[in-house]
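Order of appearance sets the numbers: ligands from 1, and atoms from 1 within every ligand. Every heavy atom of this structure was used, including side-chain atoms; hydrogens, water molecules and symmetry mates were not.
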Amino acid sequence: MSVATVACDPTLAKIEEKIAAGDSLSFEDGLALYATRDLHTLGRLAREQKQRKSGDRVYYVLNRYINSTNVCYAGCTFCSFAADEFKEKARVFRMTPDQVFEKALETGRNFNQLHIVGGHDPRQLSLDYWLPLMRRFKAELPHVQLSLFTAAEIDYMARRHRLSYPAIVAQLKEAGLDNVNGGAAEIFAEETRKKICPNKVTAAQWLEVHEELHRQGVASNATMLYGHIESIEDRIDHLIRLRDSQRRSPGFNAFIPLAYHPDGNELSYCGWTGGIDDIKTFAVARLMLDNFDHIKAYWMIQGLHVCQVALEFGADDMDGTHGSTDEEMIYHAAGTRSGQYVDDREFRRLIENAGYMPVRRNSTYQTFAHDWNPDA
Ligand code: SF4
């Protein structure tokens, strides 16, 4: 080992040896990574792991993002988005299938991913609503991958239609589902989960939905909501459960750390996450999740500048343009300071300024020339 690569924190030196030997990191290693003040070595280890996975490439996607309804009665304590149809009439919205379709095409056809999530709305979250709409998208926009739902939404529809997970996944796949979003994972640790989202899928159900998707060839992503009442132990436990799930049934493409936002919800006393915590979380995730190909720094959540720095701490993806001026409502209701839209030229500039090579992708990481256009 050269002098230049010796870790200042001796614990990190031992972890570096494990990584070099190809061993997965343990629960205790994860705690040590979070505890270190040696940010430079932590960043170097995560960056080297990123380089082994994706070299100098950093990905982005031209996409459209839509929240199709905010009607929801799950009552998650960190949520500022959900609205009660009967008590909050002024805040409620519910898009029709035609409105979703028109919204997706509002700024043209040149995009490769449609990302839609919404509340657990008894009137919208059903196969009768979604299957025809998905088929319409596939018929009219064959170059667009459908990244729809979270595991919680799929579980809700399965219970509503009295279908098993294999049966509902088969129907969604047949209608054109390419990828399922990583939300609703929150924190798997049961005691904490009960306090923040007691009416949502359990951790075991969330993992089972994703494992069934993967068995049937539908890709997905995974997330972790951090910076609220969870402990560092909860975070490491969460990452290890994801790693174990990926071993059982591979198919996760990217892991996305989601920083809790405090405006307008019951956990607002927890405040905002700090830059050090954000950066460490990207690095720890990159090092713990050795069987995930991508770690995404989602600019909407931590902000463009922190996400650019995250590229030096293991992240290799900056998510998408979004393509509209008013569509993301979940994080905007909770106070995000990010805007609604980032031009793809801005992504390329930020990535190149960080010393990496921007690569345009779709949901499943097929790549495109930056000026690819479906109408060309
Ligand atoms: S986080 Fe999702 S499931 Fe929970 S209350 Fe908000 S909209 Fe509903």
Thinking salt bridges, do Asp9 and Arg37 make one under a 4.0 Å N-O criterion?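 Judged by the 4.0 Å cut-off on N to carboxylate O distance, Asp9 and Arg37 do not form a salt bridge.
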My understanding is that only one of Arg193, Lys200, Lys194, Arg235 makes a salt bridge (Lys or Arg N to Asp or Glu O under 4.0 Å) with Glu186; could you say which?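 The option that passes is Lys200.
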Can you report which non-hydrogen protein atom sits closest to [atom], along with the distance?
| atom | value |
| --- | --- |
| atom 1 (S) of ligand 1 | Lys200 NZ, 3.5 Å |
| atom 6 (Fe) of ligand 1 | Cys79 SG, 2.4 Å |
| atom 4 (Fe) of ligand 1 | Cys76 SG, 2.3 Å |

Side chain, backbone, both or neither: which part of Cys72 has a heavy atom under 4.0 Å from ligand 1?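 Cys72 to ligand 1: side-chain contact only, backbone stays beyond 4.0 Å.
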Which segment of Tyr73 sits under 4.0 Å of ligand 1 when only heavy atoms are counted: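 Looking at Tyr73 and ligand 1, no heavy atom falls under 4.0 Å.
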Let me check your reading of the structure: within less than 2.8 Å of atom 4 (Fe) of ligand 1, is there an N/O/S atom from His120?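 No N, O or S atom of His120 is closer than 2.8 Å to atom 4 (Fe) of ligand 1, so no.
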Lys NZ or Arg CZ of Arg57 over Tyr356 ring: under 6.0 Å, within 45°: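 No - Arg57 does not lie over the ring of Tyr356 by the 6.0 Å and 45° rule.
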Evaluate the ring planes of Phe292 and Phe252, with Trp represented by its six-membered ring, and classify them as parallel (under 30°), tilted (30 to 60°) or perpendicular (over 60°).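 Rings of Phe292 and Phe252: parallel, as their planes differ by under 30°.
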Classify the side-chain pair Asp29/Ser26 by whether it contains a donor and acceptor separated by less than 3.5 Å.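 Yes.
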Which ligand 1 atoms does Gly75 reach within 4.0 Å, using its non-hydrogen atoms?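 What qualifies from ligand 1 is 5 (S).
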Under 6.0 Å from the CZ atom of Arg345, do we count more than 12 heavy atoms belonging to anything else shown?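 No - once you tally the heavy atoms of other residues, nucleotides and ligands closer than 6.0 Å, there are 12 at most.
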